[in-house]
There are 2 protein chains.
Amino acid sequence: MGWTERVVEHLADEGHRLTGPRRAILEHILRYSAPFTAEELLADLQKAGVQVGRATVYRTLELLHTNQWLGLVHRPEGEHGYVVAEPGHQHHLVCRRCGSVIAFQGCELETLLGGLAERLNFRIEGHWLEAFGVCRTCQMTSAA
Amino acid sequence: MGWTERVVEHLADEGHRLTGPRRAILEHILRYSAPFTAEELLADLQKAGVQVGRATVYRTLELLHTNQWLGLVHRPEGEHGYVVAEPGHQHHLVCRRCGSVIAFQGCELETLLGGLAERLNFRIEGHWLEAFGVCRTCQMTSAA
DNA sequence: ATCTACTTGATATTCTGTATCAAGAACTAT
DNA sequence: ATAGTTCTTGATACAGAATATCAAGTAGAT
Ligand SMILES: [Zn+2]
Ligand SMILES: [Zn+2]
Ligand SMILES: [Zn+2]
Ligand SMILES: [Zn+2]
């Protein structure tokens, strides 16, 4: 069962309706190999001849993000981009060259933060970790 | 030598001019105990009777950020805020209650990411880590 | 004091994201 | 299948954030 099917099932369970625009958006999201923004998706949908309103795109992405089917990544430059995700705690490796994203769970991080928290008496409730660099493919594709 | 003096010195070394607006902005920045945005700073400056243009505020913050005298923090909700920082690699603990920020360096994180990188053949060039929770003071101040 | 290059800031403009609300459609229950 | 209820949609208007422009102003060097 693919990502789309799982999302559809989950949304149905939560009582959300499966509408045309939502289907179209879900399908289009899978075409991205790099983080995308709401405006980019809107433009791509229109370019593809799919008639969807701006507000719907924003609302649907928000819905998916809230349910953790989309993760949020930010580039060092500043903007935010969405990436396909799975519910649960995870982090990302983002390629600076091609933008591809690899998700990972590795949370020995909890240990590091735990020690820190104890030392500072700071109650940690969550964290945000994102690494960026050059993916395997891009390393091979061209020099350095 | 305080933050402001170090910034001033650094900017001078780099050939940037020390203007009135820049001085005013540097002074005001130190008044924040929580992450702030360009618009907030602009409003505060005007409220304080300091006459500075919007563009200048944005440009100056950008300049400071580029030189790592300001760090960028984003709240789980989405917006970005600036925080006073020191050049070099560091991360932040942000209190969800009062917004105060504690910087830390602890990068055993490099180890975790290193292993991951090797396994995936992903060349990691940098990362972004931010933890959020409730600071010591806020834990004492009120319940939970 | 003079000069030059860097800065500034008012204005216009572009973009992003949200609020509104009547029309339309999905799901449920007959 | 039909009807009904509630959720969704999207055109439009609107608010906000950030950038582009460019003449006027000024810091710092000589
Ligand atoms: Zn790549
Ligand atoms: Zn983690
Ligand atoms: Zn606090
Ligand atoms: Zn680090």
Side-chain angles (χ1 to χ4, degrees), chain A residues 4 7-29 35-67 69-70 72-82, chain B residues 4-5 7-28 35-67 69-70 72-82:
Chain A
T4 306
V7 175
V8 168
E9 184 173 298
H10 178 204
L11 293 185
D13 287 352
E14 300 258 308
H16 296 287
R17 294 178 183 175
L18 185 51
T19 66
R22 283 181 180 167
R23 275 190 184 289
I25 289 172
L26 286 177
E27 280 169 26
H28 268 258
I29 284 178
F36 62 94
T37 65
E39 291 295 326
E40 285 165 10
L41 175 54
L42 174 62
D44 290 339
L45 284 167
Q46 296 180 332
K47 202 174 303 173
V50 180
Q51 166 64 18
V52 188
R54 180 198 301 292
T56 299
V57 172
Y58 276 90
R59 283 188 290 231
T60 303
L61 291 181
E62 166 69 25
L63 174 66
L64 293 175
H65 178 231
T66 298
N67 290 82
W69 292 107
L70 286 182
L72 210 41
V73 155
H74 64 232
R75 277 70 75 87
E77 301 82 51
E79 346 78 305
H80 283 153
Y82 287 108
Chain B
T4 306
E5 287 74 31
V7 175
V8 167
E9 183 171 297
H10 178 203
L11 293 186
D13 286 353
E14 299 258 307
H16 295 288
R17 295 182 182 172
L18 185 51
T19 67
R22 283 180 180 165
R23 275 190 184 289
I25 289 173
L26 286 176
E27 281 169 25
H28 268 259
F36 63 93
T37 65
E39 289 296 326
E40 284 164 9
L41 175 55
L42 174 62
D44 291 337
L45 284 168
Q46 296 181 332
K47 203 174 302 171
V50 181
Q51 164 66 16
V52 187
R54 175 191 255 80
T56 298
V57 172
Y58 277 90
R59 284 188 290 232
T60 303
L61 292 181
E62 166 69 26
L63 174 66
L64 294 174
H65 178 230
T66 298
N67 290 82
W69 292 107
L70 284 181
L72 210 43
V73 155
H74 63 233
R75 279 67 80 86
E77 302 81 51
E79 345 79 304
H80 283 155
Y82 286 108

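Chain letters run A, B, ... following the sequence lines, proteins first, then strands; residues in each count from 1.
- Here B:Asp44 pairs with B:Tyr32 under the side-chain hydrogen bond (donor to acceptor under 3.5 Å, both in side chains) rule; sequence neighbours left out.
- Residues from residues 16-26 of chain A that place a heavy atom under 4.0 Å from any atom of DNA chain D, listed by number: A:His16, A:Arg17, A:Thr19, A:Pro21, A:Arg22.
- In this structure, NE2 on B:His28 lies 7.5 Å from CG on B:Leu41, to the nearest 0.5 angstrom.
- Axis deviation across the helix from C:dA1-D:dT30 to C:dT30-D:dA1 amounts to 40°, comparing end segments of five pairs, rounded to 10 degrees.
- For residues 12-23 of chain A, there are no side chain to side chain donor-acceptor pair (under 3.5 Å) pairs, not counting sequence neighbours.
- Among residues two or more places apart in sequence or in another chain, the side-chain contact (heavy atoms from CB on, under 4.5 Å) test is passed with A:Ala12 by none.
- In this structure, the CG atom of A:Leu41 is 15 Å from the C1' atom of C:dT16, given to the nearest Å.
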Quick one: which protein N/O atoms are closer than 3.5 Å to N/O atoms of nucleotides 22-24 of chain D? Pair and distance per line, please.
none

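- Atom pair B:Leu63:CG and D:dT19:P shows a separation of 14 Å (rounding to whole Å applied).
- Between the CG atom of A:Leu61 and the P atom of D:dG10 there is a distance of 14 Å, given to the nearest Å.
- One atom, OH of B:Tyr58, and another, C1' of C:dA12, lie 16 Å apart when rounded to the nearest Å.
- For the side-chain contact (heavy atoms from CB on, under 4.5 Å) test, residues two or more places apart in sequence or in another chain that qualify with B:Val8 are B:Thr4, B:Leu18, B:Leu26.
- Here the C1' atom of nucleotide C:dC27 and the CG atom of A:Leu11 are 15 Å apart, to the nearest Å.
- Scanning for side-chain hydrogen bond (donor to acceptor under 3.5 Å, both in side chains) contacts around A:Glu9 gives an empty result, with sequence neighbours left out.
- Residue pairs satisfying the side chain to side chain donor-acceptor pair (under 3.5 Å) criterion with at least one member in residues 45-64 of chain A, sequence neighbours excluded, are listed as follows: A:Glu39-A:Arg54, A:Glu39-A:Tyr58, A:Glu62-A:Thr66.
- Atoms CZ (A:Phe36) and P (C:dT16) sit 15 Å apart, rounded to a whole Å.
- B:Leu64 places its CG atom 12 Å from the P atom of C:dT7, with the value rounded to the nearest Å.
- Interface residues of residues 44-55 of chain A facing DNA chain C, ordered by number: A:Arg54; criterion, heavy-atom separation under 4.0 Å.
- Distance A:Glu40 CD to C:dC15 C1': 13 Å, rounded to the nearest Å.
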